[in-house]
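As the structure is a prediction and not an experimental result, all values here were calculated from the model.
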Amino acid sequence: MAFSELLDQVGSLGRFQVLQTVALVVPIMWVTTQSMLENFSAAVPDHRCWVPLLDNSTAQASVPGALGPEALLAISIPPGPNQGPHQCLRFRQPQWQLLDPNVTATNWSEAATEPCLDGWVYDRSTFTSTVVAEWDLVCDSQALRPMSQSIYLAGVLVGAAVCGHTSDRFGRRLVLTWSYLQLAVAGTLAAFAPIFPVYCLFRFLMAFAVAGVMMNTGTLLMEWTSAQARPLVMTLNSLGFSFGQVLMGAVAYGVRDWALLQLVVSVPFFLCFVYSWWLAESARWLLITGGLDRGLQELQRVAAINGRRAAGDTLTTEVLLSAMQEELSAGQSPASLGTLLRTPALHLRTCVSSLCWFAFGFTFYGLALDLQAFGSDIFLLQVLIGVVDIPAKIGTLLLLRCLGRRPLHAASLVLAGLCILANTLVPHEMGTLRSALAMLGLGGVGAAFTCMTIYTAELFPTVLRMTAVGLAQMAARGGAILGPPVWLLGIHGPSLPLLVYGTVPVLCGLAALLLPETQSLPLPDTIQDVQNQALRKAAHRTPGCPVLKSTQF
């Protein structure tokens, strides 16, 4: 645990931490827009088949009399399930008899219709262009739209698996810098994709990089701050996602073309890539993995930025070796994903934290990934999701100090689940109450996210922290992939989807009570540190039992 003392010496909450927080949280806002982007860039506009009488000036000139657009539409397009024009069928020949007021609209058969052989006409009053209209992802091809979102979520899952282990091996800042560049390049190229499969490929690469940005941002913030300041900086990190939701709604409202919108949310990462070279690598990780010289340089640099140059000059390689002798010897032991599952002090933490992250991804993305399903102003809904998140996360910061990590983490998940379950008992006519419960549930999910970002990093040692965070992100994205299809259960009962969405966070919230409390404890650096914490806890529960210092793991 000696690194905490070294960090206090060079400054654990000074000018460097302020600049670092700003430099890392601003990109998080733009990362959030990538995840919510297809609510707008892939929105499904109203559409109908292209027909000559309506869309070909030559054919219109041959129409006898002066028929208006409504009359031409009635004889060209059959009515759809919602009584509007059918979105996927047209009449083979104009049904002139339907102009007779004495003839009902049922005087035609399915044999008189055909699919949209000449393409579709899209309503461009809300969006001038979307991915759906660009590649006609409607009717028989409508399944390709959710496939695109699933490919994106799969990219985040794969990125979490790869970037977590890679960061533990090659460093946090290096992977973060590469992720910024990959996100900028892939996002820019996606705007110019010639065909839909190429677009999906670039979205996958973007999602891969998004995972690297999210995980390494949180870890760098955690590993450069003290236990007292940790909740504050991680709450600011979590608020970056909330402001990103608001930013997404505002940007999408002003930019209605999907390709231009894609560019607007991707190009800023080129700037992030440039200034990320200024960011400091985690000295904690450098020292634990044997990079004493680089670790010393980073500590002295932070001391200079924080106005403690004299304290930094007193640090030498010999001082670091003396201060972290125990951690350095333990940190060199092999550590991998298997270690998380095999080590007695870690496997319960790994399983329960992964379940909680799964519940977050399952619930949040299941409810918020398709805003058009709400049938309202999607721009306003996107902003409201972020606005509701802000007080929930600020309140979480205040409660963390007095309640601790474990009870608040469990309570926020259970609250979110209960609010969703309560909506199964509220009649659909009481729309205001249903909306209030839904927003309260989303607030609980936002609070749970803030708790989890802090709690997960505190539960695992430095040598395995990014691997554990990567596994947690994989669980969250697995939940995100499985969440949206739950709406299909609505064909068996309108309340079934909400029952599932509510039950999962309640059960996982109760499971979170099995985790140990980490409030006010320094970050563990080695597996030995975690085991020592467990031994001290056991000794505290058993009066008269001496605290033993284990040397085996």
Side-chain angles (χ1 to χ4, degrees), residues 34-52 54-56 73 76-92 110-157 186-187 189-207 252 256-262 365-366 368-375 378 480-491:
Q34 298 291 342
S35 298
M36 297 292 116
L37 182 64
E38 288 199 342
N39 272 330
F40 306 94
S41 67
V44 183
D46 288 336
H47 52 278
R48 59 168 177 80
C49 293
W50 185 96
V51 291
L54 286 167
D55 308 303
N56 185 300
L73 183 65
S76 302
I77 304 290
N82 59 353
Q83 301 307 311
H86 203 290
Q87 296 182 327
C88 301
L89 294 175
R90 69 180 184 182
F91 288 123
R92 296 178 185 273
E110 289 293 330
T113 64
E114 63 183 4
C116 302
L117 301 179
D118 298 312
W120 290 261
V121 174
Y122 296 95
D123 177 12
R124 302 186 185 275
S125 59
T126 302
F127 297 99
T128 59
S129 175
T130 70
V131 171
V132 172
E134 180 81 14
W135 290 298
D136 292 331
L137 307 183
V138 293
C139 298
D140 291 341
S141 299
Q142 62 182 337
L144 294 177
R145 178 182 177 271
M147 182 186 298
S148 170
Q149 190 66 51
S150 296
I151 289 173
Y152 178 86
L153 294 172
V156 180
L157 189 151
L189 293 176
F192 299 98
I195 55 176
F196 182 66
V198 173
Y199 168 81
C200 291
L201 172 62
F202 288 131
R203 286 283 291 171
F204 179 89
L205 295 175
M206 291 162 57
R256 305 297 182 93
D257 179 87
W258 79 267
L260 183 57
L261 181 61
Q262 178 72 59
Y365 286 98
L369 205 58
D370 189 1
L371 294 182
Q372 281 191 303
F374 291 93
I378 62 175
I481 293 172
L482 295 177
V486 171
W487 285 110
L488 298 176
L489 294 175
I491 62 175

Could you tell me which non-hydrogen atom of Tyr122 sits nearest to which non-hydrogen atom of Val132, and how far apart they are?
OH-O, 3.9 Å
Just verifying a value: how many Å separate Leu153 CG and Ser35 OG, rounded to the nearest 0.5 Å?
8.0 Å
Could you list the residues that satisfy side-chain contact (heavy atoms from CB on, under 4.5 Å) with Leu189, not counting sequence neighbours?
Val185, Phe202
For Leu157, give me all partners under side-chain contact (heavy atoms from CB on, under 4.5 Å), at least two apart in sequence or on another chain.
Met474, Arg477, Ile481
Could you grab the distance from atom CG of Leu144 to atom CG of Asp136, nearest 0.5 Å is fine?
11.0 Å
Quick check on Asp123: does its CG atom have over 12 non-hydrogen neighbours (other residues, nucleotides or ligands) under 6.0 Å away?
yes
Pairing residues for Cys116 by the disulfide (SG to SG under 2.5 Å) criterion, not counting sequence neighbours:
Cys49
Ser129 side chain to Trp258 main-chain N or O, any donor-acceptor pair under 3.5 Å?
no
Just jot down the side-chain contact (heavy atoms from CB on, under 4.5 Å) partners of Phe204, sequence neighbours excluded, or say none.
Ile151, Val158
To the nearest 0.5 Å, atom CZ of Phe40 lies from atom CZ of Phe127 at 6.5 Å
For Thr126, side-chain contact (heavy atoms from CB on, under 4.5 Å) partners two or more places apart
Arg256, Phe379
Identify, with sequence neighbours excluded, every residue that meets salt bridge (charged side-chain N to carboxylate O under 4.0 Å, His left out) alongside Arg90.
Glu114, Asp118
Once the angle between the rings of Tyr199 and Trp135 is folded into 0 to 90°, is it parallel (under 30°), tilted (30 to 60°) or perpendicular (over 60°)?
tilted
Please enumerate all residues that pass side-chain hydrogen bond (donor to acceptor under 3.5 Å, both in side chains) together with Asp46, with sequence neighbours excluded.
none
Show me the pairs that pass ring-ring contact (aromatic ring centres under 6.0 Å, His included) and involve residues 137-157, at least two apart or across chains.
none
At what distance, to the nearest 0.5 angstrom, does CG of Asp257 lie from CZ of Arg124?
9.5 Å
Salt-bridge contact Glu38-Arg145 (side-chain N to carboxylate O under 4.0 Å):
no
Could you give the distance from CZ (Phe196) to CG (Leu201), rounded to the nearest 0.5 Å?
12.0 Å
Quick one: pull up CE in Met206 and CD in Gln262 and give me the separation to the nearest 0.5 Å.
4.0 Å
